[in-house]
Amino acid sequence: MNKVEALSFLKAHQPLPDDDLLKEEEIQKYNEVREYFINNPDEDCIPLFLNSFGGKDGLGVYQLVEDVITMYEGEKVLPYLLESFDSPYEGVKYWGIQIASDFPDECLFDPLVKLFESEDEDIRMAVVTALEQLACNDMKAQEIMNVVKEQCKKEVDEDVKDLMEEVLSDIRCNLL
């Protein structure tokens, strides 16, 4: 595999199909592309990977893409993460939020808070986790606590609410 083949594959899969439609050969090739870029870093892959996530977990491969993205500086990744938050594809949003936890930056705060409006509880849980990472890095900790507290009052999903309460407790401990 070379750079042109790897980038071409990613360009053709924006995003990959949902897991129930994903073919074994597709995800194997995707993983080969991921391994190629680990061994041959190239910034051109960043936006393509961030827009490649279909629904669910890519048969266990999507979480491995983080290894590629975290090789790059935040200034290279953050603009594409912000774009992923506006994707019409839930998988792209979800995995973008997950990866955002590795790039805690204040520029993520408002776009992450906006994602609390999502009907998808997995997205809301990922938002809570990403905001916790911002707070752990001493960024807007009090403001994050206030936002999460307000969202917790509105939250209907018990799992999301439990995570919010756990995160609020953790942030309080860190502020002391």
Side-chain angles (χ1 to χ4, degrees), residues 1-105 108 111-112 114-133 155-164 166-167:
M1 176 171 301
N2 62 39
K3 176 183 171 178
V4 172
E5 291 170 334
L7 291 174
S8 293
F9 178 84
L10 289 175
K11 286 177 185 172
H13 295 88
Q14 297 287 292
L16 282 156
D18 288 347
D19 283 9
D20 55 342
L21 301 173
L22 188 59
K23 296 180 182 132
E24 186 64 33
E25 341 36 277
E26 284 176 308
I27 200 63
Q28 284 176 354
K29 181 78 168 185
Y30 184 75
N31 195 45
E32 288 172 25
V33 169
R34 182 190 67 81
E35 289 172 354
Y36 172 83
F37 284 112
I38 284 176
N39 295 316
N40 304 280
D42 190 304
E43 294 172 12
D44 290 346
C45 76
I46 297 170
L48 295 171
F49 269 120
L50 289 175
N51 287 296
S52 68
F53 302 112
K56 301 292 178 203
D57 68 357
L59 307 178
V61 177
Y62 290 161
Q63 61 257 26
L64 303 175
V65 171
E66 191 172 5
D67 296 339
V68 176
I69 304 300
T70 56
M71 294 180 351
Y72 302 97
E73 297 293 321
E75 65 190 31
K76 301 288 183 190
V77 176
L78 287 167
Y80 300 115
L81 280 175
L82 291 168
E83 285 177 19
S84 75
F85 295 170
D86 290 327
S87 175
Y89 302 104
E90 297 297 306
V92 170
K93 282 183 194 176
Y94 173 78
W95 287 102
I97 298 164
Q98 288 285 85
I99 292 170
S101 293
D102 292 317
F103 296 92
D105 188 280
L108 297 173
L112 283 169
K114 185 177 179 215
L115 288 165
F116 271 129
E117 297 170 10
S118 174
E119 292 179 17
D120 186 312
E121 62 273 352
D122 290 334
I123 286 178
R124 294 193 310 276
M125 287 183 91
V127 167
V128 173
T129 303
L131 287 173
E132 180 180 27
Q133 289 306 308
E155 184 56 54
V156 292
D157 185 277
E158 285 304 315
D159 291 334
V160 178
K161 196 172 222 163
D162 289 346
L163 178 61
M164 288 175 163
E166 183 181 316
V167 165

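- Counting heavy atoms from C-beta on, the side chains of L50 and V92 never come closer than 4.5 Å.
- Between W95 and I69 the shortest side-chain heavy-atom distance does not fall below 4.5 Å.
- A side-chain donor-acceptor contact under 3.5 Å links S84 to the backbone of L81.
- A pairwise comparison of heavy atoms in D159 and M125 identifies O-CE, 3.8 Å as the closest pair.
- Between M71 and F37 the shortest side-chain heavy-atom distance does not fall below 4.5 Å.
- Scanning both residues, L112 and A130, for their nearest heavy atoms gives CD1-CB, 3.8 Å.
- A side chain to side chain contact (heavy atoms under 4.5 Å, CB included) with L10 is found for one member of L16, V33, N51 and no other, namely V33.
- Within the 4.5 Å cutoff, side-chain heavy atoms of E90 are placed close to those of I123.
- The CG atom of L115 sits 6.5 Å away from atom CZ of F85, with the distance rounded to the nearest 0.5 Å.
- Shown here is Y80, whose OH atom has no more than 12 heavy atoms of other residues, nucleotides or ligands within 6.0 Å.
- Note that NZ of K56 and CG of D18 are 8.0 Å apart. Values are rounded to the nearest 0.5 Å.
- Listed here is the closest heavy atom pair of D19 and G55: OD1-O, 2.9 Å.
- Remark: aromatic rings of Y30 and F53 are distant, center separation not under 6.0 Å.
- Considering every non-hydrogen atom in both D42 and Y72, the closest pair reads N-OH, 2.8 Å.
- The distance from the OH atom of Y36 to the CZ atom of F9 is 15.0 Å, given to the nearest 0.5 Å.
- Looking at every heavy atom in both residues, P47 comes nearest to Q14 through O-OE1, 4.1 Å.
- Here E5 contributes atom CD and K29 contributes atom NZ; the two are 5.5 Å apart, rounded to the nearest 0.5 Å.
- The two residues L22 and P17 have their closest heavy-atom pair at CD1-CD, 3.8 Å.
- Between D157 and R124, no side-chain nitrogen of the basic residue sits less than 4.0 Å from a carboxylate oxygen of the acidic one, so the salt-bridge criterion is not met.
- In this structure, CD in E155 is found 8.0 Å from CZ in F116, a value given to the nearest 0.5 Å.
- Taking NZ of K3 as the reference point, atom SG of C45 lies at 9.5 Å (rounded to 0.5 Å).
- Salt bridge annotation for K93-D120: absent, with no cationic side-chain nitrogen under 4.0 angstrom from a carboxylate oxygen.
- The closest side-chain heavy-atom distance from T129 to L163 is below 4.5 Å.
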